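Take a look at the structure set out below.
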Amino acid sequence: AGSSYIADLGLPTLVAARHFTRQPSRAMASMMTPPGNVNCGGHFAANCAACPAGNGASWCNGDCVWVSPFDTGSCEMRALGSMPGLDVADGSTDFIYWASLTAVSAIVMLLFACVYKKRVVNEIGELPRSMHFMSNELSLFICLKKPQTCLHTVFCMPVVLGKNYNAVGVMGFWPGCIFSFLLTYTPLWPLGVLIRAILAKKVQDIIGHKTTMLKACVNSLCCMPCDVGRESEEVDDELGAEISCCCKATVTPRFVNEVNDVKHRLCDDGFGKTRICGQ
């Protein structure tokens, strides 16, 4: 059907082949499609079932969609209003892809979380509410200087959030992990951005850093991994903890860490050169 239509146009074969092998826009395709045919995404056929012509899913495009992730599927008419490249003829394929990837991610993250809790969370403990001097606020991109924090945040962000929330007493480690995973790796992420901003502000309030709800929302929306990494480093500083790769945690004694916090604030907050800074 496609070759006869090209011949009817009276175009040179080479020119016509070059023109019709490119994927046209939906509007242009509807204008060029011969009456009684469908656009298969580079050629035409009497109906979608005839588009593959034995070539499988790669020949089923344009007005049609391949309903199956394997070559045993069928070429069906695309649902009205759907976009090319999305298998939405029955709505099941995309869901299967998403559910499979989410399930694998959940299993891998659960295994890592079990190890992380035993070797890190249980070791660093929680932030005391008495005898506490807050440390300095860190840059939003501080995690770029901390490879271990960057890796943990990018690949296992719910686990890091669970650690942060547990350390400051916002919620337990496991509720924090599960809650963060559901809001980050599911279609609930827009709601997750708002809830994450609320919890981030609460964490900052507890460790003594001033922030606004607007700033927390912007950080969560535009750069959540960086924000979580920065928060993790700040919480670790408050606890006197140093977390390295392979889930190793080293904790400075509480009294020593509080003295260090006072020293850092005196050195970094515009007091000038002082004896306590070693200058």
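Quick caveat: nothing in here was measured; it's all calculated off a predicted structure.
Judged by distance alone, the side chain of S232 and the main-chain N or O of V228 form no donor-acceptor pair under 3.5 Å. Although no hydrogens or angles enter the test, the distance criterion places a donor-acceptor pair under 3.5 Å between the side chain of N61 and the main chain of S58.
One hydrophobic cluster, built from ILVMFWY side chains closer than 4.5 Å, cannot hold both L110 and L101; they sit in different ones. L194 and M224 fall into different hydrophobic clusters, where Ile, Leu, Val, Met, Phe, Trp and Tyr are joined by side-chain heavy atoms under 4.5 Å apart, directly or via other members. At a threshold of 4.5 Å between side-chain heavy atoms, the hydrophobic network of Ile, Leu, Val, Met, Phe, Trp and Tyr places I206 and V160 in one connected group. Y185 and V154 are not part of a single hydrophobic cluster, where members link through side-chain heavy atoms under 4.5 Å apart. By the rule that hydrophobic residues join a cluster once side-chain heavy atoms approach within less than 4.5 Å of another member, V120 and L151 end up as members of separate clusters.
K117 has its side chain within reach of W174: a pair of non-hydrogen atoms, C-beta onward, lies under 4.5 Å apart. The shortest side-chain heavy-atom distance between L182 and I178 falls under the 4.5 Å cut-off. Two residues are said to be in side-chain contact when any heavy atoms from C-beta on lie closer than 4.5 Å; E123 and K118 fail this criterion. Looking at heavy atoms from C-beta onward, I243 lies in side-chain contact with K163 at the 4.5 angstrom threshold. Two residues are said to be in side-chain contact when any heavy atoms from C-beta on lie closer than 4.5 Å; S74 and W66 fail this criterion. F155 is not listed as a side-chain neighbour of M109, based on a closest heavy-atom distance of 4.5 Å or more. Residues I198 and M213 are in side-chain contact: their nearest non-hydrogen atoms beyond the backbone lie under 4.5 Å apart. Within the 4.5 Å cutoff, the side chain of M171 has no heavy atoms near those of the N166 side chain.
Under the 4.0 Å criterion applied to side-chain N and carboxylate O atoms, K210 and D205 are not assigned as salt-bridge partners. R230 and D227 are joined by a salt bridge, as a carboxylate oxygen and a charged side-chain nitrogen come within less than 4.0 angstrom of each other. Using a 4.0 Å cut-off between a side-chain N of Lys or Arg and a carboxylate O of Asp or Glu, R196 and E231 qualify as a salt bridge.
Separation of atoms CG (D63) and CG (N39) is listed at 5.0 Å; rounding is to 0.5 Å. A distance of 11.5 Å separates CG of L161 from SG of C156, quoted to the nearest 0.5 Å. Between C143 atom SG and Q148 atom CD the span is 10.5 Å, to the nearest 0.5 Å. Atom NZ of K202 is separated from atom CD1 of I207 by 14.0 Å, given to the nearest 0.5 angstrom.
If you check the gamma sulfurs of C51 and C60, they are not less than 2.5 Å from each other. Cys pair C64 and C48 passes the test of SG atoms under 2.5 Å apart.
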For the pair F179 and I195, evaluate side chain to side chain contact (heavy atoms under 4.5 Å, CB included) and give the outcome as yes or no after the intermediate values. CA-CA 10 Å; F179 189 65; I195 296 179; 3.4 Å; yes
Let me see the working for V159 and F181 under side chain to side chain contact (heavy atoms under 4.5 Å, CB included), right down to the final yes or no. CA-CA 8 Å; V159 177; F181 182 86; over 6 Å; no
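Nearest approach of Y165 to S180, heavy atoms of both residues: CE1-OG, 3.8 Å. The minimum heavy-atom distance linking L239 with I124 is given by the pair CD1-CD1, 3.8 Å. Across every non-hydrogen atom of P52 and C75, the tightest pair is CG-CB, 3.7 Å. In terms of heavy atoms, V170 sits closest to L199 at CG1-CD2, 3.8 Å. Closest non-hydrogen pair, N37 versus F44, comes out as ND2-CB, 3.9 Å. Between G229 and T153 the shortest heavy-atom distance is CA-OG1, 3.7 Å.
In this structure, a donor-acceptor pair under 3.5 Å is absent between the side chains of E137 and Q204. Between the side chains of E233 and T149, at least one donor N or O sits under 3.5 Å from an acceptor N or O.
Residue-environment remark: CH2 (W189) stays at or below the threshold of 12 foreign heavy atoms within 6.0 Å.
Between H152 and Y116, the ring planes lie perpendicular to each other; the angle is over 60°, past the 30° to 60° tilted range.
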